[in-house]
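Order of appearance sets the numbers: ligands from 1, and atoms from 1 within every ligand.
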Amino acid sequence: MSRTPDHATRASALAPPLLQAHALTCTFSISAGFFRSRRSLHAVNGVDLVLRQGEVLGIVGESGCGKSTVARMLLGLQLPSSGHITLDGQDVRQLGRRAVARRVQPVFQDPYSSLNPRRGIASIVSLPLEVHGVGTKPERRQQAVAMLERVGLPARYADHTPGQLSGGQRQRVAIARALVMQPEIVICDEPTSALDVSVQAQILNLLMDLRRDFGLTYVFISHNLAVVEHIATRVAVMYLGKVVEQAETATLFRAPRHPYTQALLASVLTPDPGLGIPDTGLGLAFPDPLNPPPGCPFHPRCAQRMTRCSKQPPVLTPGPQGSVACHLHPTPLVPGAAPAA
Ligand code: SF4
């Protein structure tokens with residue numbers, strides 16, 4: 001697999017923001033049972049993200065950290081409880097769902113559940129064209145077949161149903177359907193997690209080829225750090241609904257600064273079988289999102305916690321190496337400003 005070139009990372013860092021999340025929150029009201037008041041689950045709690053043209057923004061974290069809820073909000077499938085999303089500086093609520101869908105498309109983890117089992121795959125891929133009133137029926141089929149061929153499915157598959165395809169072929173159909181409207185941004189939510197390991201690399205390479213050929217920008221959500229290191233130009237690490245660290249991929253993997261990022265990277269299995277499974281120091285307990293810890297939400301699992309960590313929540317602070325929310329990395333002093341009391 002070829003690595004994303006550094007010059008592409010630098011070029012995208014200079015591009016203006018394409019998609020931006022501003023202080024996004026998503027709160028669900030959860031029933032606690034009969035005779036008990038409902039409780040609030042803060043799935044996403046104040047997330048700011050910037051996606052620049054040509055970037056691949058990786059979002060990583062354990063299950064339940066809020067990364068898929070962020071994806072659903074970016075796609076307009078889940079309304080934020082507060083905060084807002086802009087596309088080219090315009091609020092997506094003003095642009096409208098259809099206009100956003102033309103430019104932002106999803107690829108989900110399980111293609112089988114998102115593909116109509118009774119339709120032929122050319123019909124599935126041409127559906128977005130039909131919904132947006134593009135071309136005549138024969139033209140739409142022609143475009144769909146061309147896109148299927150582009151993602152590696154020959155025209156003879158055009159009338160196969162999803163049930164006649166392998167998992168990897170179904171994911172190719174889902175990718176063709178996402179790209180047939182020629183979007184600018186693709187939100188990939190665990191796009192290879194349901195696939196055999198042997199097929200994962202093929203789909204990742206296809207996504208990278210398509211990015212190059214169509215000038216695409218990706219948000220790439222995954223719990224697999226090795227995949228994210230390979231594909232992303234920048235990475236945001238989420239924990240309990242918040243971004244705790246964000247940096248360019250090479251910087252984050254070379255010198256992670258947040259103790260949670262350090263533990264996540266330590267948990268990646270080494271290819272050397274003699275070294276065994278590394279101890280992350282995280283333990284198994286992911287905190288109850290209905291009852292998050294006070295102060296730094298990571299403090300019950302953090303080997304480097306200090307007294308203030310259980311009382312004072314750290315703020316995501318930008319710096320030359322990226323942004324981090326941890327009291328070990330305090331806000332840099334602004335020249336001429338009075339020191340904090
Ligand atoms: Fe650990 Fe404290 Fe940093 Fe939280 S703020 S990650 S508890 S050192």
Side-chain angles (χ1 to χ4, degrees), residues 21 23-27 40-50 57-70 83 221-226 228-229 232 234-269 277-334 337-341:
L24 277 191
T25 70
C26 184
T27 305
S40 294
L41 187 151
H42 302 287
V44 175
N45 196 357
V47 164
D48 293 294
L49 290 172
V50 178
L57 173 63
I59 303 181
V60 299
E62 291 164 286
S63 290
C65 72
K67 54 191 190 301
S68 288
T69 308
V70 168
I221 291 164
S222 179
H223 67 278
N224 186 330
L225 291 167
V228 169
E229 183 181 16
R234 199 156 51 83
V235 181
V237 180
M238 286 189 68
Y239 188 79
L240 264 188
K242 292 175 182 286
V243 173
V244 296
E245 184 164 6
Q246 195 171 161
E248 290 202 357
T249 306
T251 307
L252 187 116
F253 279 81
R254 188 180 60 244
R257 293 191 297 157
H258 195 284
Y260 178 59
T261 315
Q262 292 166 359
L264 273 187
L265 293 188
S267 72
V268 177
L269 288 177
I277 298 174
D279 180 9
T280 63
L282 278 177
L284 295 176
F286 189 74
D288 178 4
L290 280 168
N291 191 20
C296 170
F298 186 58
H299 87 261
R301 303 168 88 188
C302 181
Q304 300 177 63
R305 65 179 172 267
M306 304 168 278
T307 310
R308 68 191 284 208
C309 297
S310 59
K311 301 184 178 83
Q312 194 181 343
V315 175
L316 190 67
T317 306
Q321 301 297 309
S323 305
V324 64
C326 174
H327 294 313
L328 292 170
H329 307 279
T331 311
L333 282 178
V334 177

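Neither the backbone nor the side chain of Arg308 has a heavy atom within less than 4.0 Å of ligand 1.
Here the heavy atom of the protein found nearest to atom 5 (S) of ligand 1 is His327 N, 3.3 Å. Of all protein heavy atoms, the one lying nearest to atom 1 (Fe) of ligand 1 is Cys302 SG, 2.4 Å. Protein heavy atom nearest atom 2 (Fe) of ligand 1, with residue, atom name and distance: Cys309 SG, 2.2 Å. Nearest non-hydrogen protein atom to atom 3 (Fe) of ligand 1 is Cys326 SG, 2.3 Å.
Considering only heavy atoms from C-beta on, Asn45 stays 4.5 Å or farther from Leu240 through its side chain. Residues Pro259 and Leu328 are in side-chain contact: their nearest non-hydrogen atoms beyond the backbone lie under 4.5 Å apart.
Ring geometry for His258 versus Phe298: interplanar angle of 30 to 60°, hence tilted.
Here the side chain of Thr27 pairs no donor or acceptor atom with the backbone of Ser40 at under 3.5 angstrom.
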* From CA spacing to verdict: side chain to side chain contact (heavy atoms under 4.5 Å, CB included), Glu62, Tyr260 -> CA-CA 10 Å; Glu62 291 164 286; Tyr260 178 59; 2.8 Å; yes

* Assess whether side chain to side chain contact (heavy atoms under 4.5 Å, CB included) is satisfied between Ile59 and Met238, documenting all intermediate values. => CA-CA 7 Å; Ile59 303 181; Met238 286 189 68; 3.8 Å; yes

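Contact annotation: Cys296 places no N, O or S atom under 2.8 Å from atom 1 (Fe) of ligand 1.
Close contacts between ligand 1 and Leu328 involve ligand atoms 8 (S) [criterion: under 4.0 Å to a heavy atom]. Ligand 1 places these atoms under 4.0 Å from at least one heavy atom of His258: 6 (S).
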